[in-house]
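For reference, the structure is listed below as structure tokens.
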Amino acid sequence: MKRIIQISMLLFTIIVCKAKTPVINIHGSKKEIENAYYKDIENFYGQFVGTWVYSDNVKTIRYRFAKKDMFYYRSPTNYYVDFLVGEIQYIENGVEKINTLNRVDLNFDNIFKYSMSSIAKIGYDFAPLCPECPPDVKRLAMSYDEPTNDDFGLDATFVMRRVVEDGIEKLKVQYKSISGASGESKRDMSQPSTTTDFTIPYGDYTLVREN
């Protein structure tokens with residue numbers, strides 16, 4: 001009987017806590033409310049989930065994306081938030097240079113341990129600009145890193161949009177440098193870094209859904 005009462009009290013506490021957690025649309029909202037849930041209500045992230053591939057005579061690039069619902073984000077304001085995260089594979093002249101695809105299924109306690117994580121939904125007139133985009137386009141900006149990068153200053157942006165052309169799902173990607181290597185290690189700024197640039201070449205890519 002005592003065990004049943006304890007379980008009932010625990011369930012009641014969980015229900016009460018959830019009831020006190022306001023649910024707010026993540027897109028266009030400032031994250032200012034403690035313990036709020038900033039939710040991808042319209043499932044904007046869902047269109048990107050899966051594996052996408054680009055291939056030419058020299059290189060093959062794969063990006064795998066997964067959605068992390070109600071991730072607890074610790075900052076000056078702690079809150080729950082939906083994220084899209086991504087991992088990468090790069091093959092050049094038949095040689096695999098990097099492959100972190102399986103990491104997308106891991107549950108890290110820090111969102112920045114993933115190679116990519118969602119930043120914001122943006123229009124055509126946010127950098128990098130998209131002059132060929134329709135005025136109502138909605139793109140997704142992602143942070144970008146690679147597990148082998150130990151440089152403090154090296155940074156890049158990754159912006160993507162999903163399109164359907166001739167019945168084929170495609171991902172239009174703009175992958176640009178933000179800042180070059182500083183020469184300082186982000187693990188210990190008193191030491192030099194070993195990374196001079198990212199492995200995957202910068203550029204605009206069109207990928208197709210692989211699965």
Exercise for review: Under the side-chain contact (heavy atoms from CB on, under 4.5 Å) rule, what do Arg209 and Thr51 come out as? Steps first, then yes or no, please.
Suggested key: CA-CA 6 Å; Arg209 186 183 288 278; Thr51 304; over 6 Å; no

Approximate separation, where rounding is to 0.5 Å, of [X] [atom1] and [Y] [atom2]:
X: Ser117; Y: Lys68; atom1: OG; atom2: NZ; value: 12.0 Å
X: Lys113; Y: Arg103; atom1: NZ; atom2: CZ; value: 9.5 Å
X: Leu84; Y: Asp40; atom1: CG; atom2: CG; value: 8.5 Å
X: Ile41; Y: His27; atom1: CD1; atom2: NE2; value: 8.5 Å
X: Tyr45; Y: Leu140; atom1: OH; atom2: CG; value: 6.0 Å
X: Ser115; Y: Ile88; atom1: OG; atom2: CD1; value: 4.5 Å

Side-chain donor-acceptor pairs under 3.5 Å in residues 91-98, sequence neighbours left out?
residue: Glu92; atom: OE1; partner: Tyr90; partner atom: OH; Å: 2.6
residue: Glu96; atom: OE2; partner: Gln89; partner atom: NE2; Å: 2.7
residue: Glu96; atom: OE2; partner: Asn99; partner atom: ND2; Å: 3.0

Considering all heavy atoms of both residues, which atom of [X] and which atom of [Y] are nearest to each other, and what is their separation?
X: Val137; Y: Cys133; value: CG1-CB, 3.5 Å
X: Lys186; Y: Asp145; value: NZ-OD2, 2.8 Å
X: Cys130; Y: Gln174; value: CB-OE1, 4.1 Å

Is there a donor-acceptor contact under 3.5 Å linking the side chains of [X] and [Y]?
X: Thr100; Y: Glu87; answer: yes
X: Tyr124; Y: Asp136; answer: no
X: Thr199; Y: Glu146; answer: yes
X: Tyr54; Y: Asp56; answer: yes
X: Thr194; Y: Asp150; answer: yes

Same cluster (ILVMFWY, side-chain, under 4.5 Å), [X] and [Y]:
X: Ile26; Y: Phe112; result: yes
X: Leu129; Y: Val163; result: no
X: Val49; Y: Tyr63; result: yes
X: Tyr202; Y: Ile200; result: yes

Exercise for review: Please list, chain by chain and in numerical order, all residues satisfying ring pair (Phe, Tyr, Trp, His ring centres under 6.0 Å) with Phe108, sequence neighbours excluded.
Suggested key: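 Residues passing ring pair (Phe, Tyr, Trp, His ring centres under 6.0 Å) with Phe108: Tyr114.
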
Review point. Between Gln47 and Phe44, is there a donor-acceptor pair closer than 3.5 Å when you use the side chain of the first and the backbone of the second?
Key: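 Confirmed, Gln47 side chain pairs with Phe44 backbone.
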
Practice item. Check for a donor-acceptor pair, side chain of Ser185 on one end and backbone N or O of Arg187 on the other, with a separation under 3.5 Å. Key: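 Indeed, once roles are kept as given, a pair shorter than 3.5 Å links the two residues.
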
Practice item. Please name all residues satisfying side chain to side chain donor-acceptor pair (under 3.5 Å) with Asp125, sequence neighbours left out, ordered by chain then number. Key: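 None.
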
Check your understanding: In this structure, which one of Ile111, Asn110, Val85, Asp109 forms a side-chain contact (heavy atoms from CB on, under 4.5 Å) with Phe71?
Key ->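 Answer after filtering Ile111, Asn110, Val85, Asp109: Ile111.
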
N/O donor to acceptor pairs below 3.5 angstrom from side-chain atoms of residues 151-162, sequence neighbours left out:
residue: Asp151; atom: OD1; partner: Ser182; partner atom: N; Å: 3.3
residue: Asp151; atom: OD1; partner: Gly183; partner atom: N; Å: 2.9
residue: Asp151; atom: OD1; partner: Ser193; partner atom: OG; Å: 2.6
residue: Asp151; atom: OD2; partner: Gly153; partner atom: N; Å: 2.8
residue: Asp151; atom: OD2; partner: Leu154; partner atom: N; Å: 3.0
residue: Asp151; atom: OD2; partner: Ser182; partner atom: N; Å: 2.8
residue: Asp151; atom: OD2; partner: Ser182; partner atom: OG; Å: 3.4
residue: Arg162; atom: NE; partner: Glu169; partner atom: OE2; Å: 2.9
residue: Arg162; atom: NH2; partner: Glu169; partner atom: OE2; Å: 2.9

Could you tell me if the ring centre of [X] sits under 6.0 Å from that of [Y]?
X: Tyr79; Y: Tyr38; value: yes
X: Phe198; Y: Tyr144; value: yes
X: Phe48; Y: Phe65; value: no

Exercise for review: Name all residues meeting the side-chain contact (heavy atoms from CB on, under 4.5 Å) criterion together with Phe126; count only those two or more places apart in sequence or in a different chain, and write none if there are none.
Suggested key: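 Partners of Phe126 under the side-chain contact (heavy atoms from CB on, under 4.5 Å) test: Ile122, Arg139.
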
Review point. Which residues pass the salt bridge (Lys or Arg N to Asp or Glu O under 4.0 Å) test with Lys121, sequence neighbours left out?
Key: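 Salt bridge (Lys or Arg N to Asp or Glu O under 4.0 Å) list for Lys121, sorted by chain: Glu42.
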
Residue pair [X] / [Y], side-chain heavy-atom distance below 4.5 Å:
X: Met70; Y: Phe83; answer: no
X: Asp204; Y: Tyr175; answer: no
X: Trp52; Y: Arg62; answer: no
X: Lys39; Y: Asp82; answer: yes
X: Thr60; Y: Val53; answer: yes

Review point. Under 6.0 Å from the CZ atom of Arg74, do we count more than 12 heavy atoms belonging to anything else shown?
Key: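 No.
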
Exercise for review: Could you tell me whether Asp105 and Arg64 make a salt bridge, using a distance below 4.0 angstrom between a side-chain N and a carboxylate O?
Suggested key: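 The answer is no: the pair does not qualify as a salt bridge.
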
Point to revise | Full working for side-chain contact (heavy atoms from CB on, under 4.5 Å) between Leu171 and Thr206 | key: CA-CA 6 Å; Leu171 207 61; Thr206 299; over 6 Å; no

